[in-house]
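First up is the structure itself, then whatever we jot down about it.
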Number of protein chains: 4
Amino acid sequence: MELNEKQRLILDAAEKLMAEKGFDGTSVRDIAEEAGVNLAMISYYFGSKEKMMEAMFAQRSGYYKLQLESMIRDKELGPMAKMERLIDQYIEKLMNHQAFHRVLVREQMVSGNKMITDHIQELKKQNQALIREIISEGQKKGVFKKNIDLPILMMTLIGTISQLLTTQHFYKEINGLQDMPADEFQKHIRKKLSLHLKKIFHAILSNEA
Amino acid sequence: MELNEKQRLILDAAEKLMAEKGFDGTSVRDIAEEAGVNLAMISYYFGSKEKMMEAMFAQRSGYYKLQLESMIRDKELGPMAKMERLIDQYIEKLMNHQAFHRVLVREQMVSGNKMITDHIQELKKQNQALIREIISEGQKKGVFKKNIDLPILMMTLIGTISQLLTTQHFYKEINGLQDMPADEFQKHIRKKLSLHLKKIFHAILSNEA
Amino acid sequence: MELNEKQRLILDAAEKLMAEKGFDGTSVRDIAEEAGVNLAMISYYFGSKEKMMEAMFAQRSGYYKLQLESMIRDKELGPMAKMERLIDQYIEKLMNHQAFHRVLVREQMVSGNKMITDHIQELKKQNQALIREIISEGQKKGVFKKNIDLPILMMTLIGTISQLLTTQHFYKEINGLQDMPADEFQKHIRKKLSLHLKKIFHAILSNEA
Amino acid sequence: MELNEKQRLILDAAEKLMAEKGFDGTSVRDIAEEAGVNLAMISYYFGSKEKMMEAMFAQRSGYYKLQLESMIRDKELGPMAKMERLIDQYIEKLMNHQAFHRVLVREQMVSGNKMITDHIQELKKQNQALIREIISEGQKKGVFKKNIDLPILMMTLIGTISQLLTTQHFYKEINGLQDMPADEFQKHIRKKLSLHLKKIFHAILSNEA
DNA sequence: GATGAATGAGCTTTCATTCAT
DNA sequence: GATGAATGAAAGCTCATTCAT
């Protein structure tokens, strides 16, 4: 679905505000004002507030589509190297779209938006299927352990990033990083996350000593 | 703060509904009806909807106070055993108060409720200080590694549990467990989480191998 | 259904305004203002604008219930006398509740309010069944003609009154009665209608030369 | 006023929808869609929704202009025959333009459209003046009674047709004619009305017997 | 001449809260 | 202490109309 300039403005504003205040806490009036468009445009373009969010999810959920296929076929990379790239991809995706991710976290358990959660579940499923290929490859080559619980390992991958993302304010404070410039801080936690998660994945997956 | 019967009913109802629909998505009418009390009681007892939620947090946030002190002083337990107990305590706490935890996840980033987030940060800080004692003990005894990034390790601990908790529907489906009875499923994921997290903690903390 | 003072005020205001501007042409704001009550009271008491009108119809439709039963059993009255009383009853009913009747005329063909039109049809049916008894009695006694098309006769009865009622402004003008006081004019047209309709009924029903 | 193809389409659509839902219950969007034209065309061609209805009335009100003049001058016809033709003309006019007549009934009492009601009143006046000529002729020839209240007789004429027209659904049901084909039913009620109204006019007007 | 985009005003309804008792 | 009634504010949405092209 192609979006025009106004529609983009609206979804950006909605994403920003809903990341802060949630779907119900954000009024279409607020969104219209933030986007600098007329209030009626939201109904005009999307039909309703609800459908506007669906459009936002349809637009953004591509974020969760990783570039896995080409990497998986890459003969140059060993299974563990692939997993490491995977980790970095997840970190990049989630950190680069923090606002949208917050919206997702806030609304993912809402009963109403069945359509949306189903779509996201589908993406997760596809991702997991591809990742399972890497693991199978690693197990065939003997570099990965036999018994690997991928779903729960994914919980750790996404859960850790997500937790840091939603509590970064607290993380800053506890580590005395309040004065670190924002972009430097972002780099800092990406690096931290990357090292930490790779260590964990290594421990869980690797067959060596 | 002591709560009378009606106040308890109200907070229980609020917790249940807000876990599903969030703070803004839940009206005081809904809460009053779910609690079986008069609509005006909520303002009457708590002053406002906002203050009602603050009361709920004040009440429930004790959930996050772990029984760490006595355990830490326990001379019978080694540092790793203590960490394992810690993991199980977190799992128990979060899983036993899923509804409240969902409310927390949904609302933790709300700008307005500074008071609440501050309170939770304070609890987390206290917990981390105690846990740091265990780690120092392990390091002194030479059973733990020297360089340990506790804050990020906590992100993995809480993040993994929280992620499973908020996406358990998806987890059920992907693992073909839709027909497993609810309480059995709860036991199942606690066990899974416990083993998984202990493996991770072992890999991150332990000096052996 | 019992109505309290406020509810009565609301329905009276709604009736008045809808008689002038119709259902869709009358806003709940207008009604609230006319009734001197808060805007939200309408939803509070009736649930919605639509349901408010249903309540109005439920309240008012009793107007169309004539006092026929006792009259029919009256042994003192001949069939034609009964029909004449019937005519006067209809004139009284419709003229005494002009505002409501206008609402009815304006909305009776609305597709949506099935419930309401059904109710009114039911009342009409009941009335016609009773009137048919009078006619049968007249036919048995030989004072009424054999072939009488009651439904179309009722069209003339109600149609004539209704037409005068909805075009009384024009009637006034064409007859040069603009200066006649309102209540006198009302009396005038009732008398006119009464004589006119009785003449018609006599011609249609009576068996005499 | 000459109408082009699109304007005709618009007025036809408007007539159809307003007959069902009234002026306020019909949006210009609905009309544009029903007519298959662009939304902006309505304002473009007619200036406004209100003026569009005025155009519709200007167009349609010719319906109420009867072909009376030539008939009145017809030397072959007696006064009663003329009145009978008049009745049939009215039946034809109203039944052939039911949709427009419903719009008229629904909106005839609207305060705002002074211009429209005035126009219709003018037409009625002209009609009545012509009809009065017929009656005078009949009275001169001694075939009509002396005291004849024409305005109220017209109420019966128009009121009866109009009442049947607006409650034909009910009439169908009460007479068990739900299964009669639509056009046959239309013929049926025209015949019924014609006979019935002629009987009434005869009784009111004729000097014989 | 014709139209998709845009808009300000208004709609009905629901909200959290307060009032009178 | 407890509650049904009441209320101002704000919500999401639709309206007839106008604008830029």
Side-chain angles (χ1 to χ4, degrees), chain A residues 4-7 9-10 14 23-32 35-53, chain B residues 4-7 10 14 23-32 36-53, chain C residues 4-7 9-10 14 23-32 35-53, chain D residues 4-7 10 14 23-32 36-53:
Chain A
N4 64 33
E5 178 65 11
K6 284 252 162 94
Q7 288 172 313
L9 281 171
I10 291 169
F23 180 82
D24 290 305
T26 305
S27 73
V28 292
R29 269 180 183 77
D30 294 341
I31 296 169
V37 304
N38 183 281
L39 162 67
M41 291 265 61
I42 288 166
S43 294
Y44 179 69
Y45 275 127
F46 300 106
S48 70
K49 187 187 179 187
E50 191 96 7
K51 282 187 189 151
M52 180 210 65
M53 192 167 74
Chain B
N4 64 32
E5 177 66 8
K6 288 223 169 132
Q7 287 172 313
I10 290 169
F23 180 80
D24 290 303
T26 305
S27 74
V28 294
R29 259 178 190 76
D30 294 341
I31 296 169
V37 305
N38 183 280
L39 164 65
M41 297 256 57
I42 289 166
S43 293
Y44 180 67
Y45 274 131
F46 299 104
S48 73
K49 186 187 178 188
E50 191 95 5
K51 282 186 190 152
M52 181 208 68
M53 193 166 73
Chain C
N4 64 32
E5 178 65 9
K6 284 252 162 95
Q7 288 172 312
L9 281 171
I10 291 169
F23 179 82
D24 290 306
T26 305
S27 74
V28 293
R29 263 183 186 78
D30 295 340
I31 296 170
V37 304
N38 183 281
L39 162 66
M41 292 264 62
I42 288 167
S43 293
Y44 180 68
Y45 275 128
F46 299 105
S48 70
K49 187 188 179 187
E50 190 96 7
K51 281 187 190 152
M52 182 210 64
M53 192 167 73
Chain D
N4 64 33
E5 176 64 10
K6 287 223 169 135
Q7 286 172 314
I10 291 169
F23 179 80
D24 290 304
T26 305
S27 74
V28 294
R29 259 179 189 77
D30 295 340
I31 296 169
V37 305
N38 183 279
L39 164 65
M41 296 255 59
I42 289 166
S43 294
Y44 180 67
Y45 274 132
F46 299 104
S48 73
K49 186 188 179 188
E50 190 96 6
K51 282 187 189 150
M52 180 210 66
M53 192 166 73

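Residue numbers start from 1 in every chain, and the chains themselves are labelled A, B, ... in the order their sequence lines are given, proteins ahead of strands. The analysis underlying the following values was restricted to heavy atoms, covering all of them including side chains, and did not include hydrogens, waters or symmetry mates.
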### Query
Closer to the 5' end of DNA chain E via nearest nucleotide, is it M41(D) or K49(C)?
M41(D)
### Message
Please check: side-chain N/O of K6(D) versus main-chain N/O of N38(D), any donor-acceptor pairing under 3.5 Å?
### Response
no
### Query
Of the nucleotides dT14(E), dA5(E), dA16(F), which one has an atom closest to the side chain of R29(D)?
dA16(F)
### Task
Among dT3(E), dT17(E), dA2(E), find the nucleotide with the atom closest to the side chain of L39(B).
dT17(E)
#### Entry: Distance in angstrom units between L9(A) CG and dA5(E) P, rounded
16 Å
### Query
Could you give the distance from NZ (K49(C)) to CG (D24(C)), rounded to the nearest 0.5 Å?
5.5 Å
### Query
On DNA chain F, nearest-nucleotide positions of V28(D) versus K6(C): which is more 5'?
K6(C)
### Summary
note: I31(B), atom CD1; dC15(E), atom P; distance rounded to Å ~ 11 Å
### Query
Taking side chain as C-beta onward, heavy atoms only, is Y45(B) less than 4.5 Å from M52(B)?
no
### M53(A) side chain near F46(A) side chain, heavy-atom distance below 4.5 Å
no
#### Entry: Any strand: nucleotide that pairs with dT21(E) via Watson-Crick or wobble, under 3.5 Å
dA2(F)
### Query
Can you tell me how far C1' of dC19(F) sits from CG of N38(A), to the nearest Å?
13 Å
### Query
Rounded to the Å, how far apart are I42(D) CD1 and dT3(E) P?
12 Å
### Task
Could you tell me which non-hydrogen atom of L39(D) sits nearest to which non-hydrogen atom of A32(D), and how far apart they are?
CA-CB, 3.7 Å
### Message
Is Y45(B) close enough to dG1(F) that one of its side-chain N or O atoms is under 4.0 Å from OP1 or OP2 there?
### Response
no
### Query
In whole angstroms, how far is the P atom of dT12(E) from the CE atom of M53(C)?
13 Å
#### Entry: Between C1' of dT3(F) and OH of Y44(C), the distance in whole Å
10 Å
### Query
Taking OP1 and OP2 of dC11(E), is either one under 4.0 Å from a side-chain nitrogen or oxygen of S27(C)?
yes
#### Entry: Pairing partner of dG10(E) (Watson-Crick or G-U wobble, both distances under 3.5 Å)
dC13(F)
### M52(B) CE - dA16(E) P separation (whole Å)
10 Å
### Task
May I have the distance from D30(D) (atom CG) to dC15(F) (atom P), rounded to whole angstrom?
7 Å
